[in-house]
K.L.:
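If you scroll down you'll find the structure; I have some questions about it.
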Amino acid sequence: MKYLILFFFIPMCFHAQQDPELVSRNRPGLFWFVNGKGPLDDADYRKYDRCIVDVTYNDWIGDLSTFQNKWNSLGYHFSLNKDIQFRSSQRTTIGLGFGYSYLNHTLDAVFSNTPNKSVSAQIHGTTDSLIFSKLTIHQFYVPIELRFKSLGWRHFKFIIGSRIGVQPLLFSKTKYWESGAEQFYDDKLLDMRWFFTSVYVRCGIRNWSFIGIFHPMKLFPSEQSVRLYPFQIGLSLSLF
């Protein structure tokens, strides 16, 4: 057994003596050097922004006050992207992919359908029987990004992009105290914008960045519905 250990250990020592300047860095993902078909020509150019996870605080501007949503109004965004490199420059790339978002808004207003199929938002006080109220949104989208990066291991990045997609499900979830017991209601909102678009900015270093997202189209398209323009701010992690 000891001869077997020496058989593996001695070549490792010899290799370390041959490369005293070798620097080992922790890689953030399995495909750090791979561009989809093969290894990169320039191994110093690492690609971080191909599997991205965002965690955001969700809010809006409009008929409901901004930054009145509770702290746990969190959203989760997952996207897979292809990083298309320009031949003329390693500092500028284009990102294309597919993503999914789950947006949760927790607040003291209850969203409900009206007889004319619009959506109303009624504010509840602290003395009401309301336990919690949430508005949840599911989205599927295609991200299109223009990415600017510096070179090197600790590179700085600035990304501007747009998302085009569908949001097929919007739910109002509420829980009340009624007759001495908790009652839960899960209602699908009828006035919903099936197609949506958003613009965003991502800025950071290596595989960490801050992100800000704004939706220029109203959440509910009807003129009789509550007028809201959603936005999200948060943190992004590029896994590889």
Side-chain angles (χ1 to χ4, degrees), residues 12 15-59 67 71 73-104 137 139-165 196-216 230-240:
M12 291 173 61
H15 181 73
Q17 293 175 356
Q18 293 292 323
D19 298 300
E21 302 298 327
L22 183 64
V23 177
S24 176
R25 296 190 179 101
N26 181 30
R27 300 179 181 180
L30 178 63
F31 303 105
W32 205 16
F33 295 112
V34 180
N35 64 2
K37 296 181 181 179
L40 290 166
D41 294 332
D42 186 352
D44 188 55
Y45 181 71
R46 285 106 180 180
K47 295 188 174 184
Y48 289 88
D49 299 289
R50 291 182 294 171
C51 179
I52 304 175
V53 179
D54 306 323
V55 178
T56 60
Y57 169 77
N58 309 316
D59 214 313
F67 296 119
W71 66 270
S73 297
L74 300 178
Y76 306 95
H77 315 253
F78 307 92
S79 63
L80 294 174
N81 303 266
K82 179 174 178 59
D83 196 26
I84 304 173
Q85 179 179 335
F86 290 104
R87 292 183 178 274
S88 59
S89 174
Q90 295 179 354
R91 299 176 183 271
T92 305
T93 63
I94 292 177
L96 297 174
F98 177 79
Y100 164 77
S101 294
Y102 169 78
L103 304 177
N104 171 59
I137 305 172
Q139 297 175 335
F140 300 90
Y141 61 87
V142 173
I144 305 173
E145 300 182 349
L146 183 60
R147 301 170 169 178
F148 303 96
K149 304 178 182 179
S150 62
L151 299 181
W153 178 54
R154 291 185 177 91
H155 64 272
F156 172 81
K157 59 187 177 184
F158 178 78
I159 300 170
I160 55 176
S162 176
R163 294 176 177 177
I164 302 173
F196 81 96
T197 183
S198 63
V199 293
Y200 59 93
V201 174
R202 185 181 289 115
C203 181
I205 298 176
R206 285 195 70 199
N207 51 326
W208 290 96
S209 59
F210 294 101
I211 185 172
I213 309 170
F214 178 70
H215 300 248
F231 70 87
Q232 296 91 41
I233 52 176
L235 190 65
S236 293
L237 172 62
S238 301
L239 299 179
F240 56 81

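Since the structure is predicted, the reported quantities are computational estimates derived from the model, not experimental observations. Values below: all heavy atoms of this structure, side chains included; hydrogens, waters and symmetry mates excluded.
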K.L.:
Count the heavy atoms of every other residue, nucleotide or ligand shown that sit under 6.0 Å from CZ of Phe210, and state whether that count exceeds 12.
P.N.:
no

K.L.:
Residues in side chain to side chain donor-acceptor pair (under 3.5 Å) with Glu145, at least two apart?
P.N.:
Arg147, Tyr200, Arg202

K.L.:
Roughly how far, to the nearest 0.5 Å, is CD1 of Ile52 from OG of Ser209?
P.N.:
7.5 Å

K.L.:
Among residues at least two apart in sequence or on other chains, which ones pass ring-ring contact (aromatic ring centres under 6.0 Å, His included) with Tyr100?
P.N.:
Phe140

K.L.:
Is there a side-chain contact between Leu103 and His77, using heavy atoms and a 4.5 Å cut-off?
P.N.:
yes

K.L.:
Taking only Lys NZ, Arg NE, NH1 and NH2, and the carboxylate oxygens of Asp or Glu, determine whether Arg163 and Asp54 approach each other closer than 4.0 Å.
P.N.:
yes

K.L.:
Any chance you could measure Asp83, atom CG, to Ser238, atom OG, to the nearest 0.5 Å?
P.N.:
10.0 Å

K.L.:
Under the side chain to side chain donor-acceptor pair (under 3.5 Å) rule, collect the residues that match up with Ser73, sequence neighbours excluded.
P.N.:
none

K.L.:
Below 30° counts as parallel, above 60° as perpendicular, anything between as tilted: where do the rings of Tyr76 and Tyr102 land?
P.N.:
parallel

K.L.:
Quick one: CG on Leu146 to CD1 on Ile94, what's the gap to the nearest 0.5 Å?
P.N.:
6.5 Å

K.L.:
Enter the distance from Leu96:CG to Ile144:CD1 here, rounded to the nearest 0.5 Å.
P.N.:
6.5 Å

K.L.:
Please check if the side chain of Lys157 supplies one atom and the backbone of Arg206 the other of a donor-acceptor pair under 3.5 Å.
P.N.:
yes

K.L.:
Would you name the heavy atoms of Val142 and Gly97 that are closest together and state the gap between them?
P.N.:
CG1-O, 3.4 Å

K.L.:
Taking atom OG1 of Thr93 and atom CD1 of Ile159, what is their separation to the nearest 0.5 Å?
P.N.:
7.0 Å

K.L.:
Where do Asn81 and Pro143 come nearest, in terms of heavy atoms and distance?
P.N.:
OD1-CG, 3.3 Å

K.L.:
Donor-acceptor pair, Asn104 side chain versus Gly75 backbone, under 3.5 Å?
P.N.:
no

K.L.:
With side-chain contact (heavy atoms from CB on, under 4.5 Å) as the test, pick out the partner of Tyr141 among Ser162, Ser79, Ser198.
P.N.:
Ser79

K.L.:
For residues Cys203 and Phe156, determine if any side-chain heavy atom of one lies less than 4.5 Å from a side-chain heavy atom of the other.
P.N.:
yes

K.L.:
If you measure from CG on Leu74 to CG on Asn58, what distance do you get to the nearest 0.5 Å?
P.N.:
7.0 Å

K.L.:
For the residue pair Leu237 and Trp208, establish whether any side-chain heavy-atom pair is separated by less than 4.5 Å.
P.N.:
yes

